[in-house]
Amino acid sequence: MAGAWWSNLPRPPNPTGHAAALSLREWQTQAAAQLDAAGVTSPRSDAEALLAEVTGLSRTERLLRAHEPLSSTDSARLDRLLARRLSREPLQYLLDAVDWGGVRLRCDPRALIPRPETEWLLHLALSDPAASQAAEVADIGTGSGALALGWKAARPGSRVTATDLSAQALALAAENAALNGLNVAFAQGNLLEPVAGQAFDLILSNPPYLPDSDTGTLDPEVDHDPALALYGGTDGLTLARRLAAQAAGALTPGGVLWLELDGRNATDFAAELAGQGWLAEVHPDLAGRQRFVRALRATQ
Ligand SMILES: C[S@@+](CC[C@H](N)C(=O)[O-])C[C@H]1O[C@@H](n2cnc3c(N)ncnc32)[C@H](O)[C@@H]1O
């Protein structure tokens with residue numbers, strides 16, 4: 001692709017005669033090349049995100065000021081962040097917070113980085129006539145709080161409860177709730193056990209669903225996610241099976257269970273649920289992979 005129009009603008013003179021600091025555009029171009037060489041899958045957007053984070057400039061401001069030199073403070077901070085990204089630390093850890101599902105989320109090693117696929121799970125549930133007006137909602141294995149907070153932001157009238165086995169994840173989720181000014185009840189424990197006796201109109205979950213055999217085969221960034229958040233036994237369905245068994249007794253009549261699973265096991269799991277008295281169907285993600293299971297109890 002030909003260079004963008006701003007790359008042809010004349011460079012401003014350097015009145016000091018000293019070696020000029022890199023301009024915004026030069027830093028971004030060089031950083032993207034280094035990230036590409038390091039195997040980062042989205043080098044340009046990562047470089048752009050770091051530049052936006054450090055300069056605090058909007059996209060338009062960055063274009064208009066593309067040839068201005070970086071301040072020494074920004075330049076030093078950018079280089080520190082770039083070194084961390086080159087070592088394949090996730091971009092999300094290097095940013096103050098990320099936009100996800102209508103909320104701002106801080107990300108760190110205490111919990112899984114929320115994925116775009118899970119935003120689609122949130123969208124599917126919000127668009128589901130049987131779920132969208134749910135009064136009592138549970139997010140099981142909440143991690144950073146993503147689904148719970150995304151739901152609460154979209155449906156402030158519903159009561160949202162979120163559980164996780166990990167105390168560290170729940171601490172981050174509570175910080176994210178405060179960051180967004182949202183009120184969600186958090187409880188630590190195994191799946192629905194900490195809220196035993198409560199009934200829910202909607203149970204959302206993105207449980208650990210990777211087959212254990214994926215260990216050691218994932219991108220370096222994924223090594224930063226807690227193992228507790230990733231693996232779900234031999235076929236990846238251990239946690240999903242336990243959750244469905246608990247959810248059968250926790251859903252209100254007409255209540256819905258929405259799960260995110262793996263493209264290799266979601267269809268099998270929907271069939272398994274259908275054999276256990278659920279009305280279960282599987283939905284694709286935006287790449288066409290069958291990833292999301294929607295299930296209602298057939299005999300209510
Ligand atoms: C795939 S992550 C999902 C995190 C978050 N919901 C998201 O979508 O970004 C799975 C989460 O389930 C939690 N978890 C694992 N085993 C659990 C269990 N037995 N009971 C409750 N939570 C569990 C993990 O700590 C992790 O936060």
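Everything numeric in this text was worked out from a predicted model, so none of it was measured. Order of appearance sets the numbers: ligands from 1, and atoms from 1 within every ligand. Residue numbers start at 1 and run along the sequence shown.
Assignment of G145 to the shell around ligand 1 is not supported, since no heavy atom sits closer than 4.0 Å. Every heavy atom of A111 sits 4.0 Å or more from the atoms of ligand 1.
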- Message: For R115 and D225: C-alpha separation, side-chain torsions, deciding distance, then whether salt bridge (Lys or Arg N to Asp or Glu O under 4.0 Å) applies.
- Response: CA-CA 12 Å; R115 309 292 206 264; D225 285 319; 2.7 Å; yes
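For the pair A169 and ligand 1, the shortest N or O to N or O distance does not fall below 3.5 Å. Looking at R115 next to ligand 1, no N or O pair under 3.5 Å apart turns up. Considering backbone and side-chain atoms together, L191 places an N or O closer than 3.5 Å to an N or O of ligand 1. Ligand 1 has a nitrogen or oxygen under 3.5 angstrom from a nitrogen or oxygen of D164. Considering backbone and side-chain N/O atoms, G141 comes within less than 3.5 Å of an N/O atom of ligand 1. Considering backbone and side-chain N/O atoms, N190 comes within less than 3.5 Å of an N/O atom of ligand 1.
Counting heavy atoms under 4.0 Å from ligand 1, residue N206 touches it through both backbone and side chain.
When hydrogens are left out, the protein atom nearest atom 15 (C) of ligand 1 is L228 O, 3.3 Å; that is the closest non-hydrogen contact. Protein heavy atom nearest atom 1 (C) of ligand 1, with residue, atom name and distance: A229 O, 2.9 Å. Of the protein's non-hydrogen atoms, L165 N, 3.2 Å is the one closest to atom 22 (N) of ligand 1.
Ion pairing of D96 with R106 is present here, as a side-chain N (NZ or NE/NH1/NH2) and a carboxylate O approach within less than 4.0 Å. A salt bridge is absent between R62 and E68: the closest approach of a Lys/Arg side-chain nitrogen to an acidic carboxylate oxygen does not fall below 4.0 angstrom. Using a cut-off of 4.0 Å between Lys/Arg side-chain N and Asp/Glu carboxylate O, E175 and R110 are scored as salt-bridged.
Smallest separation of non-hydrogen atoms from A47 and A32: CB-N, 3.9 Å. When all heavy atoms are compared, the tightest approach of L257 to W278 is CD2-CH2, 4.0 Å.
For ligand 1, the atoms lying closer than 4.0 Å to a non-hydrogen atom of G189 are 20 (N), 21 (C). With ligand atoms numbered from 1 in the order given, ligand 1 contributes 4 (C), 27 (O) to contacts under 4.0 Å with heavy atoms of G143.
Of the candidates T142, L105, L112, the one placing a heavy atom closest to atom 5 (C) of ligand 1 is T142. Of the candidates P114, P226, G150, A162, the one placing a heavy atom closest to atom 9 (O) of ligand 1 is P114.
Residues L124 and W258 have side chains in contact (heavy-atom distance under 4.5 Å, counting atoms from C-beta outward).
A donor-acceptor distance shorter than 3.5 angstrom exists from the side chain of R88 to the backbone of A38, with no hydrogens or angles considered. Looking only at distances, a side-chain donor or acceptor of D212 sits under 3.5 Å from a matching main-chain atom of G233.
Heavy-atom neighbours of R159 CZ from other residues, nucleotides or ligands within 6.0 Å: at or below the threshold of 12.
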